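Notes follow once the structure below has been shown.
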Amino acid sequence: MKENVDHRVPVLIVGGSLVGLCTSLFLGRHGITHMLVEKHAGTSLHPRGRGINVRTMELFRVAEVEDRIREAASVLADNHGILQGGSLTGDDQEWLFEQIDPGGALARFSPSTWCLCSQNDIEPVLMSVTPTLGADLRFSTELLSFEQDESGVTAIVKNRETGEHSTVRADYLVAADGPRSPVREQLRIGQSGPGDLFHNVSITFRSRMLADVIGDRRFIVCYLTKPEADGALLPVDNRERWVFHAPWHPDRGETLEDFTDERCVEHIRRAVGAPDLDVEITGKAPWHAAERVAQRYVAGRVFLAGDSAHEMSPTGAFGSNTGIQDAHNLAWKLAAVLDGAAGPGLLETYEAERLPVARATSERASARSAEHSHPGYEPEPESVPESVPESVPEAPARGGGRQNGVLSVAMGYRYAQGAVVGADPDLPVVPERMRLCGDPGSRAPHLWLRDPVEGRRKSTVDLYERSFVLLSSEGTPWSGAAGSVAKRMNVRLDAYAIGTGAEADLIPEDGGDWAETHGTTPAGAVLVRPDGFVAWRSVEAVADPESVLYKVLTTVLDRY
């Protein structure tokens, strides 16, 4: 243990943007105290990172912040489609798709729906919650250096307002410090991928007349394709606040100083097709789209998450969602190890599970930019993929999630094979080592339940967060056996019997039978991880259920 330590915490998070704050939220939900340091004075001010997919909203739902985020996003609740056209005043507009979930088919798979909420609106919600869960948030505080040994990480941080230096000792360090991550660079972790894809300048502006030009077209983004004035238009409040992404070509000698207010106003007017449009420029921020993935996510006691681990094209909002899901995956595993419920080997599965997801998803994000003709993106001709349907396929008749790329991309789930459209269908996105007892590591099914005790409606998804969950059919011996095994192992395990009888813990709201609907036998059970993925599924009666459960839990928590 290092001497002269000012602060001791189980986890130190470096970076207080979206992924860092989500890591704080998820750790706090598990009761893990931690410190977060962020060099900037506050949260993001610029509207960006707006699309939250179904999987991420489920995580926010279980963390009990979903309603707050939807409230923060209420002004854009009716914006759904993606529009494309030469301008907004001509007759050549077309919807790339008008609804993300036409017909509401995803409701069969999840209690949540997607949400359009900018990062600058989400982060204050997280900031208001995490301190109540044991987070020590320190903005205007910069990581200067760190070193690790067999028992922990020692970091030197600087308060940028006072100049004071402090020493922090942590069991683990999570680097959520952005695409140019100093932590990743110090660890000398390389990156793979094509690198920079294109560059844009994000221009925020006010215009009251623009709402009249748009009329009742409620889009998420409109791609305007005039060669002399292309760009992407995004509403902020559908009334007078807007964002325009204009192509920037530094490779051609173009500088940020070239984007004067006058040039930006004229560009927006030509793109919209309204030469007299009132435009008041309120801000400009350059950004770079890239496809890069870290070659490693773990180095000893240090973990990469979010943009420090992967950069993706913003088209489709894959990057922020992948980062938030990184944070959730890592948080429950850190909590299990810190609480003594799991061996350190569990932490090795973070990279094994999340790195393949990032590789496949970053490729998909680049492909989406080509499909949508994102302004400034000029891919090599042979790299432009064929168009992929946006619609949701029919649901499977029974069992867990569908092994179909289109659906898993729409929801934000990752299955064992074919998880991401455009990726190698034979690539296991959920690694082979997850496939215990023949189960492919699929997401546990969503089913609406009625809780006779609490007297309220809940989903099976609401049960998965702080512990492993055993779901069994009513009247089976699994619940009692689970309790004794968990006690012996000092592992928290929640067990729920699901059936139609008066004594059932949870009753399917539609009156159906859990075993018949979801493929378990009367003596069967499903063991679900805290992230909602199936760790193991029993499909036939077992004479000695305690020994089976003990074997499964030790495999999941210690050897995996």
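Computed from a prediction, not measured in an experiment: that's the story for all the values here.
For the atom pair L304 CG and R354 CZ, the distance stands at 13.5 Å (nearest 0.5 Å). Expressed to the nearest 0.5 Å, how far CD of Q119 lies from CG of L126 amounts to 9.5 Å. A distance of 14.0 Å separates OH in Y464 from CH2 in W332, rounded to the nearest 0.5 Å. Considering OG of S366 and CG of L197, their distance stands at 4.5 Å, rounded to 0.5 Å. D326 contributes atom CG, which lies 11.0 Å from atom CG of N321 (distance to the nearest 0.5 angstrom). Residue N120 holds its CG atom at 11.0 Å from CG of L18, rounded to the nearest 0.5 Å.
Side chain of R301 to backbone of D171: a donor-acceptor contact under 3.5 angstrom is found. Between the E38 side chain and the G16 main chain, a donor and an acceptor come within less than 3.5 Å of each other. One N or O on the side chain of H34 and one on the backbone of I32 form a donor-acceptor pair closer than 3.5 Å. Checked by atom type and distance alone, the side chain of D237 pairs as donor or acceptor with a backbone atom of R241 at under 3.5 Å. Although no hydrogens or angles enter the test, the distance criterion places no donor-acceptor pair under 3.5 Å between the side chain of T361 and the main chain of A358. In terms of modelled atom types and a separation under 3.5 Å, the side chain of T322 and the main chain of F318 share a donor-acceptor contact. Within the 3.5 Å criterion, the main-chain N or O of V183 finds a donor-acceptor partner in the side chain of D177.
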Salt bridge (Lys or Arg N to Asp or Glu O under 4.0 Å) for R492 and D339? Distances and angles first, verdict last. CA-CA 10 Å; R492 176 173 175 175; D339 287 343; over 6 Å; no

Between L83 and Y223, does a side-chain contact (heavy atoms from CB on, under 4.5 Å) hold up when you go through it step by step? CA-CA 6 Å; L83 188 65; Y223 294 110; over 6 Å; no

Tell me, with the steps shown, if Q191 and H310 meet side-chain contact (heavy atoms from CB on, under 4.5 Å). CA-CA 8 Å; Q191 296 171 289; H310 45 72; over 6 Å; no

Would you check, one step at a time, whether the test side-chain contact (heavy atoms from CB on, under 4.5 Å) holds for L447 with S459? CA-CA 6 Å; L447 180 71; S459 165; over 6 Å; no

Please walk me through it: do L27 and L330 pass side-chain contact (heavy atoms from CB on, under 4.5 Å)? CA-CA 9 Å; L27 282 173; L330 179 59; over 6 Å; no

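Under the 4.5 Å side-chain criterion, counting only non-hydrogen atoms from C-beta, L233 is in contact with W242. Contact of the F198 side chain with the S369 side chain is registered, since non-hydrogen atoms from C-beta on lie closer than 4.5 Å. The closest side-chain heavy-atom distance from Y496 to V469 is below 4.5 Å. Side-chain atoms of V11 and L173, non-hydrogen and from C-beta on, never get closer than 4.5 Å to each other. You'll find the side chain of M127 reaches within 4.5 Å of the side chain of F139, heavy atoms only. When side chains are defined from C-beta on, L59 does not count as touching E66, because their heavy atoms never get closer than 4.5 Å. Put simply, the side chain of D67 does not reach to within 4.5 Å of the side chain of R61, judged on heavy atoms. Two residues are said to be in side-chain contact when any heavy atoms from C-beta on lie closer than 4.5 Å; L347 and L334 meet this criterion.
Listed by chain and residue number, nothing satisfies the ring pair (Phe, Tyr, Trp, His ring centres under 6.0 Å) test with F219 (two or more places apart in sequence, or in another chain). The salt bridge (charged side-chain N to carboxylate O under 4.0 Å, His left out) search around R218 returns none, not counting sequence neighbours.
Within 6.0 Å of CZ in R217 there are more than 12 heavy atoms belonging to other residues, nucleotides or ligands.
Taking the six-membered ring where the residue is Trp, Y297 and Y350 present tilted rings, their angle falling between 30° and 60°. In this pair, F303 and Y172 present their aromatic rings tilted. The plane angle is within the 30 to 60° band.
Shown here for G343 and V337, the closest heavy-atom pair between the two residues is O-CG2, 3.5 Å. Contact detail for R184 and A294: the closest heavy-atom pair is CD-CB, 4.4 Å. Shown here for A289 and S313, the closest heavy-atom pair between the two residues is CB-CA, 4.4 Å. Among all heavy-atom pairs drawn from V75 and V236, the shortest one is CG1-O, 3.7 Å. Of all heavy-atom pairs between Q295 and R359, the closest is O-NH2, 4.4 Å. In terms of heavy atoms, A335 sits closest to H30 at CB-CB, 3.5 Å.
A donor and an acceptor atom, one from each side chain of T113 and R70, are located under 3.5 Å apart. In the model, E123 has a side-chain atom that pairs as donor or acceptor with a side-chain atom of S17 under 3.5 Å. With no hydrogens or angles considered, a side-chain donor-acceptor pair links T56 and Q325 at under 3.5 Å.
The residue from E465, H328, M57 that alone fulfils the side chain to side chain contact (heavy atoms under 4.5 Å, CB included) condition with V62 is E465. T23 pairs with exactly one of V19, L21, L25 by the side chain to side chain contact (heavy atoms under 4.5 Å, CB included) rule, that one being V19.
A salt bridge does not link R296 with E351: every distance from a Lys NZ or Arg NE/NH1/NH2 to an Asp or Glu carboxylate oxygen is 4.0 Å or more. Between D307 and R180 there is no salt bridge, since no side-chain nitrogen of the basic residue lies less than 4.0 Å from a carboxylate oxygen of the acidic one.
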